[in-house]
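Shown next, in structure tokens, is the structure this report addresses.
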Amino acid sequence: MLGKGDHHQPQEEEEDTGGVVKLISAEGFEFVIDKKAAMVSNTLRNMLTSPGGFSETRQGEVRFPEIPTHILEKICQYFYWSLHYSSGKETAEFPIEPEITLELMMAANYLDT
């Protein structure tokens, strides 16, 4: 996650992946992540790039009233992990605590991640 003034190198699809996105958990906790990281999720990609004028596209924030904070945090970690290891040049196992497996799988299924 980046603070103000931090940035990554420009990408080819800057208009689609530049900037940040705010993901809001069921409890109202806000995660501000790189839009490129959010695009790991096909559901978020569709919400954020849809030409239909959806509020998520305009405001750059998505509320998840059914996803608790601890699960959304793990999902955000996965987005960055996925970006880092997507090239296949190096590999590492993504750690998942057994007690959150079911909730995490349901959220990942919804997010098409």
Side-chain angles (χ1 to χ4, degrees):
M1 289 179 240
L2 299 174
K4 289 187 177 179
D6 293 341
H7 62 280
H8 287 287
Q9 296 174 343
Q11 301 296 316
E12 290 178 15
E13 298 177 1
E14 188 65 33
E15 69 277 0
D16 291 333
T17 61
V20 295
V21 175
K22 186 186 298 183
L23 306 181
I24 305 169
S25 72
E27 298 85 2
F29 193 89
E30 299 177 351
F31 294 91
V32 179
I33 65 171
D34 292 314
K35 191 172 183 182
K36 182 177 180 181
M39 296 297 185
V40 168
S41 162
N42 289 324
T43 300
L44 286 175
R45 177 183 300 271
N46 290 336
M47 286 179 173
L48 297 169
T49 61
S50 174
F54 294 105
S55 63
E56 292 87 359
T57 304
R58 291 190 313 274
Q59 297 173 1
E61 70 178 40
V62 182
R63 295 183 180 278
F64 296 102
E66 301 295 323
I67 300 179
T69 301
H70 69 286
I71 297 298
L72 191 54
E73 178 180 21
K74 196 68 171 180
I75 288 167
C76 291
Q77 291 170 0
Y78 174 77
F79 291 163
Y80 283 99
W81 178 90
S82 180
L83 283 178
H84 181 78
Y85 292 105
S86 65
S87 69
K89 293 178 183 174
E90 56 181 316
T91 60
E93 187 172 311
F94 183 72
I96 298 174
E97 298 78 16
E99 60 273 11
I100 67 167
T101 302
L102 180 59
E103 282 182 290
L104 192 58
M105 286 178 62
M106 291 188 320
N109 183 53
Y110 170 73
L111 291 170
D112 195 9
T113 302

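Count residues from 1 along the sequence. Small disclaimer: the values here were computed from a predicted structure and weren't measured.
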Calculate, to the nearest 0.5 Å, the distance between atoms [atom1] and [atom2] belonging to [X] and [Y] respectively.
X	Y	atom1	atom2	answer
F94	K74	CZ	NZ	4.5 Å
I33	L44	CD1	CG	7.0 Å
E30	R63	CD	CZ	7.0 Å
I96	T101	CD1	OG1	6.0 Å
L72	F31	CG	CZ	5.0 Å
H70	E103	NE2	CD	4.0 Å

Do you know the tightest heavy-atom contact between [X] and [Y]?
X	Y	answer
E27	I67	OE1-O, 4.4 Å
R45	M39	NH2-O, 3.0 Å
Y80	D34	OH-N, 2.7 Å
I24	E61	CD1-OE2, 3.8 Å
Y110	M47	OH-CE, 3.6 Å
S25	P68	CB-C, 4.1 Å

Are any non-hydrogen side-chain atoms of [X] and [Y] less than 4.5 angstrom apart?
X	Y	answer
F64	L111	yes
L104	E97	no
M106	E66	no
F79	L23	yes

Original post:
Is there a donor-acceptor pair under 3.5 Å between the side chain of S86 and the backbone N or O of L83?
Top reply: yes

Original post:
Counting only N and O atoms by type, is there a donor-acceptor contact under 3.5 Å from the side chain of N109 to the main-chain atoms of M105?
Top reply: no

Original post:
With a cut-off of 6.0 Å (strictly less than), are more than 12 heavy atoms of other residues, nucleotides or ligands near CD of E99?
Top reply: yes

